[in-house]
Protein chains: 2
Amino acid sequence: MTDTTPRRRDAERTRAELLAVATEVFAASGYAGARVDDIADRTRTTKRMIYYYFGSKEKLYLAVLEHAYRGIRAAEHDLHPGDLPPLEAVRRLAELTYDHHLSHSDFIRLVSIENIHHGQYISRLGSLREINRDALGILDGVLARGREQGVIRDDVDALDVHLVISSYCFFQVANRHTFGHLFDRDLLDPALRDHHRRIIGDVVAAWLSAAPSVPGPAAS
Amino acid sequence: MTDTTPRRRDAERTRAELLAVATEVFAASGYAGARVDDIADRTRTTKRMIYYYFGSKEKLYLAVLEHAYRGIRAAEHDLHPGDLPPLEAVRRLAELTYDHHLSHSDFIRLVSIENIHHGQYISRLGSLREINRDALGILDGVLARGREQGVIRDDVDALDVHLVISSYCFFQVANRHTFGHLFDRDLLDPALRDHHRRIIGDVVAAWLSAAPSVPGPAAS
DNA sequence: CGGCTAATGTAATCACCGGTACGTTCACAT
DNA sequence: ATGTGAACGTACCGGTGATTACATTAGCCG
């Protein structure tokens, strides 16, 4: 957060700046690793204000988490399936999700961090559940259409597809460092981006258009 | 670490116990979140011994990380492709990897933690790189055989396949909590295990047997 | 046995870090 | 213009947590 507007006494702005910087710091260091002093020092205000606006480190983290989750629009929202052929729509969704994840690495890291803490904080943020609902609804509509047309297998539901796509995209960002070290491939190398994006598109398209491996719907 | 052998003065045992407990605690709380006192209290020795054997919290974590990585045998090692049809071999590898990840959640969590720290610790453990080499080699052999037989597409390399499989399996364990909360599906629910295992098998089998989406090898 | 070192226990130290007491100043309403 | 509360700053506190100084004992080797 470098200086921008040098106004004095602007509650909204101070609060927003703290939240933005806290997001960066928590994402960079984890909850326990983040330092309240560090967050304060990176703003043009002081530690006192963190407690004035948020009350505690924990509540600040909760605010960061909620803000991050609300700020993320599921890639599904940018998908306008229109009358795209279902398979093309899903491929497009996969590739959108890929780009979406790559450009929101702080969010991805916060999710990792939250899982390290067994989801103990997000579990207090009940209102988030609804956000992803309609995103899944969009995907579900596409799959239904594909099944009707007989071009998409019937033993897979929207959540399964979402899981496969998210896993792949998430991994690229979340495990960049260990994977890069062990295999000498920087997953986020711009030169590989098209290759990696195409892969997840190919994967879901091939998967969904294949015949069910066992007759009849199996999803529970 | 509950009591087992009540011998006194056993260096090997003390060291091993510390390492095992430290693995649990680091995996449970992250590096910064883990407490040296906590680790010591869970053993039948004292904090002093951590410093006697490992020197510092950081070196203890490094030892945990290295031990965990060495202790993990890539699922590829349990794959004996023999003369299985290539596609079946890859499907089998995917399903093996799935079970493998599910039964090593502490390791998965350590990997997540290490990535939160930008891989700064694993980058000091240069010797690990070799471990995964021959694992990839096995997969590479299967793919090569499949390409020769014309049953596996030629625009995908072993690392790509490994990435797709690992991503899916890793996500299940690593993001269990946030995903479970947001979508009301416990990814590790035993009742879903067969369903989820089958999915990754279907995914790679369908993907690899499909025709390349663009003519000619594209992998870099 | 005597002694010598590896191994262990106890009790501190010291920095760091989340949180707060207290005082000040801005800006808006009247 | 000025009273008033919201917004902010400074300096500090108290606990915690990593690390260590020092004392002790166990076991082996001769």
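What you see is a predicted model; the values in this text were computed from it and never measured. Below, read A as the first sequence line, B as the second, and so on, with proteins coming before strands; counting in each chain starts at 1.
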Distance-only polar pair, side chains of A/Tyr121 and A/Glu66, donor-acceptor under 3.5 Å: no
When all nucleic acid strands are considered with a 4.0 Å heavy-atom cut-off, which category describes [X]: base, sugar-phosphate, or nothing?
X: B/Ala32; result: nothing
X: B/Phe54; result: nothing
X: A/Ala40; result: nothing

Check: B/Lys57 side chain, D/dT19 base, donor-acceptor under 3.5 Å: no
Other residues, nucleotides, ligands: >12 heavy atoms within 6.0 Å of B/Arg92 CZ: no
Can you measure [X] atom [atom1] to [N] atom [atom2] for me and round it to whole angstrom units?
X: B/Glu12; N: C/dA6; atom1: CD; atom2: P; value: 15 Å
X: A/Asp37; N: D/dC12; atom1: CG; atom2: C1'; value: 13 Å
X: A/Arg44; N: D/dC8; atom1: CZ; atom2: C1'; value: 13 Å
X: A/Tyr52; N: D/dG5; atom1: OH; atom2: C1'; value: 8 Å
X: A/Asp10; N: C/dA27; atom1: CG; atom2: P; value: 10 Å
X: A/Asp41; N: D/dT10; atom1: CG; atom2: P; value: 12 Å
X: A/Ile39; N: C/dG18; atom1: CD1; atom2: P; value: 8 Å
X: A/Asp38; N: C/dC16; atom1: CG; atom2: C1'; value: 13 Å

Between [X] and [N], does any side-chain N or O lie under 4.0 Å from OP1 or OP2?
X: B/Thr14; N: C/dA7; value: no
X: A/Tyr51; N: C/dG19; value: yes
X: A/Tyr53; N: D/dC8; value: yes
X: A/Thr45; N: D/dG9; value: yes

Closest listed nucleotide, where the reference is the side chain of A/Thr46 and the choices are C/dA6, C/dT10, D/dG9: D/dG9
Proximity to the side chain of A/Met49 - top-ranked nucleotide from D/dG9, C/dT8, D/dT19: D/dG9
Given DNA chain C, 5'-ward residue of the pair A/Tyr31 and B/Arg48, judged by closest heavy atom: B/Arg48
The single option from A/His104, A/Arg197, A/Arg193 passing side-chain hydrogen bond (donor to acceptor under 3.5 Å, both in side chains) against A/Asp99: A/Arg197
Ion pair check, A/Arg185 and B/Asp160, cut-off under 4.0 Å: yes
Ring geometry between A/His177 and B/His118 (parallel below 30°, tilted from 30 to 60°, perpendicular above 60°): perpendicular
